[in-house]
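Quick notes on the structure that follows.
Hydrogens, waters and symmetry mates are skipped; everything else that's a heavy atom, side chains included, is used. Here is the naming used below: chain letters follow the sequence lines, and residue numbers restart at 1 for every chain.
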Number of protein chains: 2
Amino acid sequence: MKAQSPADAAGGQAGERPADLALRSIVHAFGQLERVMQPYFARFGITGSQWGVLRTLQRSEAAGEAGLRLTDLSDRLLIRPPSVTGVVDRLERLGVVVRDSVPGDLRAKRVTLTRKGRELVARVLAAHGPQVETIVAGLNAGEQADLHRLLGKLTNHLEGLLSKQEAK
Amino acid sequence: MKAQSPADAAGGQAGERPADLALRSIVHAFGQLERVMQPYFARFGITGSQWGVLRTLQRSEAAGEAGLRLTDLSDRLLIRPPSVTGVVDRLERLGVVVRDSVPGDLRAKRVTLTRKGRELVARVLAAHGPQVETIVAGLNAGEQADLHRLLGKLTNHLEGLLSKQEAK
DNA sequence: GAGGTTTGTTTAGCATCCTAATAATATACG
DNA sequence: CGTATATTATTAGGATGCTAAACAAACCTC
């Protein structure tokens, strides 16, 4: 064994199998997506993660809910509570959200948009539709739907794997 | 659903258009993918990013190249040089790579796998094929190929957008 | 109702990524 | 040749995400 025989056999060409290609294309696409979106959000003085919180709060408000607890945001954004704490901290510092108390539960805190926050959300939303269309313009409507279907199927499968992991 | 007029018109349903769905499914899929992969890499004492460097070095080595400069890694991994510095720092601390000098260029440093690093790569590669297959098992081979094709098309489009951004 | 468990949030500490700025070397051009 | 520019790597500082652990409050069980 003087050369890279085991490595080569196992991995030298592994990157070319359909499974590897599919996986890498997800990682790659996501990376590029982030790079395109980041300057877009920066125009509004926020980050993509912050927009996730703002959009979620706005939708909740539109649905008539009185703010969301940190835990609710964690569930909807699929990020852990400590991460939510950090993002909300920065949004609060920006003055676009506030934490108030939840009547009947002294542990919980409810996050709501401020007037300034609502104005920001409106400003972003006004630009959002065209921006999203620009981003996915590389695919026609049918391809967009196909992509959504395939990724949905994959995500369902991954969620199954995750449940098993947690169960262990 | 009669009230919330501005919010509803601008954003309430925006998440349901094919373009939005496609975009969100990428973000969602990537997030789940990370969650599944992270414990897998943790078994080997590394992170996904660190594996990216190790795999790239191993491929380079298999191609007969004498190590890669930090800049080469930056190009291949699509991350900025300062990020490469950090990942390589930690890999060096783990003893799986080393930085040596590049003959003829005192600025550059070449990163190569150590013996320990090569052993680690071999160990990961041995488990890698089955793991990748498990992950994408939610899709059949044709779907995997479709996904790769669609994401490739999207990524090409995004790269076009990025060039324009940089050109500004 | 007391004690144990669960839930909601935060803190601490780590890894990743970024941009901007620094330092050092290489290259190119006048 | 000598200065101006470009390249290579790093540092500094910020944002995001994670896990583990701490804490308080709520719930549940006996």
Side-chain angles (χ1 to χ4, degrees), chain A residues 27-28 30-42 44-54 67-94 99-111 162 165-166, chain B residues 27-28 30-42 44-54 67-75 77-94 97 99-111 162 165-166:
Chain A
V27 175
H28 196 160
F30 180 79
Q32 300 287 40
L33 188 55
E34 274 199 316
R35 278 193 229 302
V36 174
M37 291 306 281
Q38 193 252 327
Y40 163 71
F41 285 123
F44 301 102
I46 59 175
T47 67
S49 300
Q50 291 170 0
W51 170 243
V53 171
L54 295 177
L68 291 174
R69 296 173 312 155
L70 283 287
T71 300
D72 299 328
L73 285 169
S74 170
D75 290 341
R76 302 199 190 191
L77 296 169
L78 300 175
I79 57 180
R80 303 286 172 202
S83 308
V84 180
T85 295
V87 180
V88 170
D89 280 350
R90 285 166 219 115
L91 288 172
E92 205 166 17
R93 210 180 303 150
L94 290 176
R99 270 181 251 238
D100 35 25
S101 58
V102 174
D105 192 338
L106 295 181
R107 296 168 303 179
K109 284 170 191 168
R110 195 153 52 188
V111 183
L162 281 168
Q165 275 182 11
E166 284 162 15
Chain B
V27 175
H28 196 160
F30 181 78
Q32 300 287 39
L33 189 54
E34 274 199 317
R35 279 195 228 305
V36 174
M37 291 307 279
Q38 193 252 327
Y40 163 71
F41 286 122
F44 300 102
I46 59 175
T47 67
S49 300
Q50 290 170 359
W51 171 242
V53 171
L54 295 177
L68 290 174
R69 297 173 309 156
L70 283 285
T71 300
D72 299 329
L73 285 170
S74 170
D75 290 342
L77 297 168
L78 300 175
I79 57 181
R80 304 287 172 200
S83 308
V84 180
T85 295
V87 179
V88 170
D89 280 349
R90 285 167 219 113
L91 288 172
E92 205 167 18
R93 211 179 301 150
L94 290 175
V97 307
R99 271 181 250 237
D100 36 24
S101 58
V102 174
D105 192 340
L106 295 180
R107 297 168 303 179
K109 283 169 192 168
R110 197 154 50 187
V111 182
L162 281 168
Q165 275 181 12
E166 284 162 13

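- A straight line from CZ of A:Phe30 to P of D:dT16 spans 13 Å, rounded to a whole angstrom.
- What separates CZ of A:Arg35 from C1' of C:dT19 is a distance of 13 Å, to the nearest Å.
- Heavy atoms of B:Ser49 sit under 4.0 angstrom from primed sugar atoms or phosphate atoms, though from no base atom.
- Of the residues near DNA chain C, B:Ser83 and A:Val84, the one whose nearest nucleotide (by heavy atom distance) lies more toward the 5' end is A:Val84.
- For the pair A:Thr47 and D:dT16, the criterion of a side-chain N or O lying under 4.0 Å from OP1 or OP2 is met.
- B:Tyr40 and B:Phe44 get closest at one heavy-atom pair: O-CD1, 3.5 Å.
- Listed by chain and number, the residues in a side-chain contact (heavy atoms from CB on, under 4.5 Å) with B:Arg107 are B:Asp105 (sequence neighbours excluded).
- Considering only side-chain N and O atoms, B:Thr85 lies nowhere under 4.0 angstrom from the phosphate OP1 or OP2 of D:dA9.
- Per the geometry, CG belonging to B:Leu162 stands 12 Å off P belonging to C:dC18, to the nearest Å.
- Heavy-atom distances to DNA chain D give each of B:Ala108 and A:Gly48 a nearest nucleotide, and the one nearer the 5′ end belongs to B:Ala108.
- What separates CG of B:Leu73 from C1' of C:dC17 is a distance of 16 Å, to the nearest Å.
- Here the shortest heavy-atom pairing between A:Arg110 and A:Ser101 reads NH2-O, 4.0 Å.
- No contact: A:Arg110 has no heavy atom under 4.0 Å from any strand.
- Applying the 4.0 Å criterion to OP1 and OP2 of C:dT9, one finds that A:Arg99 has every side-chain N and O outside that range.
- Residues B:Ile79 and B:Ser74 approach most closely at O-OG, 2.6 Å, considering heavy atoms.
- Rounding to whole angstrom units, CG of residue B:Asp89 and P of C:dA15 are separated by 11 Å.
- Listed by chain and residue number, A:Asp89, A:Glu92 satisfy the salt bridge (charged side-chain N to carboxylate O under 4.0 Å, His left out) test with A:Arg99 (two or more places apart in sequence, or in another chain).
- In this structure, CG of A:Leu70 is placed 13 Å from C1' of C:dT7, rounded to the nearest angstrom.
- Residues passing the side-chain contact (heavy atoms from CB on, under 4.5 Å) test with B:Leu94 are B:Ile46, B:Gln50, B:Leu91, B:Val96, sequence neighbours excluded.
- Neither OP1 nor OP2 of D:dG14 sits under 4.0 Å from any side-chain N or O of A:Arg90.
- Here A:Gln50 lies in heavy-atom contact (under 4.0 Å) with sugar-phosphate atoms only.
- Considering only residues two or more places apart in sequence or on other chains, A:Leu73 meets the side-chain contact (heavy atoms from CB on, under 4.5 Å) condition with A:Val53, A:Thr56, A:Leu57, A:Leu68, A:Leu77, A:Val84, A:Val88, A:Val111.
- For B:Asp75, the salt bridge (charged side-chain N to carboxylate O under 4.0 Å, His left out) criterion is met by no residue, not counting sequence neighbours.
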Extract from the structure each pairing of a protein N or O with an N or O of nucleotides 22-26 of chain D at less than 3.5 Å, listing the distance.
residue: D:dA26; atom: OP1; partner: A:Leu106; partner atom: N; Å: 3.1

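- The CZ atom of A:Arg80 sits 17 Å away from the P atom of C:dT10 (whole-angstrom rounding).
- Atoms CG (B:Asp75) and P (D:dT7) sit 12 Å apart, rounded to a whole Å.
- Taking the side chain of A:Lys109 as heavy atoms from C-beta on, and the options D:dT8, C:dT9, C:dC18, the nearest nucleotide is C:dT9.
- Between B:Arg69 and the phosphate of D:dA9, there is no side-chain N or O to OP1/OP2 separation shorter than 4.0 Å.
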